[in-house]
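Here is how names work: the chains are called A, B, and so on, in the same order as the sequence lines, proteins then strands, and each is numbered from 1.
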Amino acid sequence: CTSIVAEDNKGNLFHGRNLDFGLFMGWDVKNKSWIISEKLKPLVVNLDFKRNNQTVFKSTNFAGYVGMLTGIKPHIFTLTMNERFSLDGGYIGILEWILGKRDGMWMSFLTRSVLENAHSYEEAKTRLAQTKLLAPAYFILGGNQTGQGCIITRSRLLSIDMLEIDLKLGRWYVLETNYDHWEEPLFLDDRRTPGMKCMNQTTQKNISLKTMYDVLSTKPVLNKLTTYTTLMQVSEGKLESYIRDCPNPCMPW
Amino acid sequence: STQFIPPYTEDCRTEMYPPNGPTFRGAVSWYTVDLDLPPSKRWTALITDKKTDLVNMIQAIKDLAYAFVPSGRLIELVDITLVSVIFPLTFSLNLYYIFLIPFCNLGEVVLFNIFYEVFTV
């Protein structure tokens, strides 16, 4: 996965993501593609959750999956999550759950609860940072005011780090793939460097949903695992998604 | 590393939007989920449209499970024990109603919904 929150020089916030999934879950030799990724693409849908006929939040989902990986609470905040690998991973959380220790939350149900019930960027950030989880994760959150964009690096029990947009430091965007931002990514899976190169080449002046789609369309940020791209603009309450393909030659991940 | 050698990397793309060409498979359709409705009705329209694709995806995961555990024990574990052991009641109610549209086992739908945690295994 790759998630980006960026602020242009007029203070507009844009949030984009590629949802990559299906690694090592069966390779289709004839079509040179991952089996599960290809099976997930037809299931991609956009959902508009309404109460009293008013939109509460919108999301991009796989049909049949009731948790949230990508969503927007119009005019308030945008949220995506990326997988975080850790030895203290989800299987330990599941084991504790089975043994009756049930104070942790399933990741995608926390994001669903935040999208449905949080009323501000700050409230969403607090809940994503402090709620116990069954599995580690990265939460990438965008708000509706200047500077409101962050990556929350979570272990199952703690919030390990929070990297926020800081215009004074020249950090006009935050970009997360699947590795802690203070460490080098796996040398065989560095989507961060090409992603940041393209964001820097785009510049803060020119960042928009359009140019963010360009960044998310550049290999290896776009790869064989990419099922969809979602673009969100909180001030417009806008969410749009596109099912992706990565024609050969293309990185398997 | 190979990642930085063309064709596995490339110059930053431009003019890709509006989405078109070989990297754009298609647009995504919209559905409304009415939270005022009981769970039994919230997802029906969506799942009715997508049930064939959902069955195909779950079958692909089952094929993978059979490849690892040909005896079928893994599938049995998912179909029979997973639901009672794993799920909090509120969300299982949501899922339960998806299950009522009978075309795949509740355990498999549960597995699909907790796959993020399971995948780390």
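When all heavy atoms of A/Thr218 and B/Asp11 are compared, the pair lying nearest together is CG2-O, 3.7 Å. For the pair B/Glu117 and A/Ala135, the tightest heavy-atom approach, listed with the atom from each and the gap, is CG-CB, 3.8 Å. Nearest heavy-atom pair across B/Leu64 and A/Gly26 is CD1-N, 4.1 Å. In terms of heavy-atom proximity, B/Met16 sits nearest to A/Asp214 at N-OD1, 2.8 Å. Closest heavy-atom contact between A/Ala63 and B/Leu46: CB-CD1, 4.0 Å.
Looking at A/Glu83, both its backbone and its side chain come within 4.5 Å of chain B, counting heavy atoms on both sides. Contact of B/Leu37 with chain A is not made at all, since no heavy-atom distance falls under 4.5 Å. With a 4.5 Å cut-off on non-hydrogen atoms, A/Lys197 touches chain B through its backbone and its side chain both. For a residue to count as touching a neighbouring chain, one of its non-hydrogen atoms must lie under 4.5 Å from one of that chain's; by this rule A/Val221 does not touch chain B. Heavy atoms of A/Leu239 lying under 4.5 Å from chain B belong to its backbone as well as its side chain. For A/Tyr228, no part lies under 4.5 angstrom from a heavy atom of chain B.
The distance from atom OH of B/Tyr17 to atom OG of A/Ser217, rounded to the nearest 0.5 Å, is 11.0 Å. Note that CG of B/Asp36 is 10.5 Å distant from CD of A/Gln54, once rounded to the nearest 0.5 Å. With values rounded to the nearest 0.5 angstrom, B/Ile114 atom CD1 is found 8.5 Å from A/Phe109 atom CZ. Considering CZ of A/Phe62 and CG of B/Asp53, their distance stands at 12.5 Å, rounded to 0.5 Å.
Within the 4.5 Å cutoff, the side chain of B/Asn113 has no heavy atoms near those of the A/Trp106 side chain. At least one side-chain heavy atom of A/Leu43 sits under 4.5 Å from a side-chain heavy atom of B/Met57. B/Val118 is listed as a side-chain neighbour of A/Ile94, based on a closest heavy-atom distance under 4.5 Å. At a threshold of 4.5 Å between non-hydrogen side-chain atoms, the residues A/Lys210 and B/Glu15 count as touching. When side chains are defined from C-beta on, B/Arg25 does not count as touching A/Tyr242, because their heavy atoms never get closer than 4.5 Å. In this structure, A/Glu240 and B/Val28 have side chains that are not in contact, with every pair of non-hydrogen atoms separated by 4.5 Å or more. The closest side-chain heavy-atom distance from B/Val33 to A/Lys50 is not below 4.5 Å.
Counting only N and O atoms by type, the side chains of A/Arg244 and B/Thr23 include a donor and acceptor under 3.5 Å apart.
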Yes or no on side chain to side chain contact (heavy atoms under 4.5 Å, CB included) for B/Leu35 and A/Glu116, after CA distance, side-chain angles and deciding distance?
CA-CA 10 Å; B/Leu35 296 173; A/Glu116 198 164 335; 3.9 Å; yes
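Across A/Asn46, A/Leu47, A/Thr55, A/Leu40, the residue that shares the most heavy-atom pairs under 4.5 angstrom with chain B is A/Asn46. In terms of heavy-atom pairs under 4.5 angstrom with chain A, the leader among B/Tyr116, B/Phe115, B/Phe112, B/Tyr31 is B/Tyr116. Across A/Ile36, A/Ile35, A/Leu69, A/Asn53, the residue that shares the most heavy-atom pairs under 4.5 angstrom with chain B is A/Ile36. Residue with the most contacts toward chain B among A/Thr229, A/Thr60, A/Leu134, A/Asp48: A/Asp48 (heavy-atom pairs, distance under 4.5 Å). Counting heavy-atom pairs under 4.5 Å between each of B/Ala60, B/Pro18, B/Ala67, B/Gly21 and chain A puts B/Ala60 at the top.
Atom CG of A/Leu87 is surrounded by 12 or fewer heavy atoms from other residues, nucleotides or ligands within 6.0 Å.
Of the possible polar contacts, one joining the B/Lys50 side chain to the A/Pro42 backbone as a donor-acceptor pair under 3.5 Å is found.
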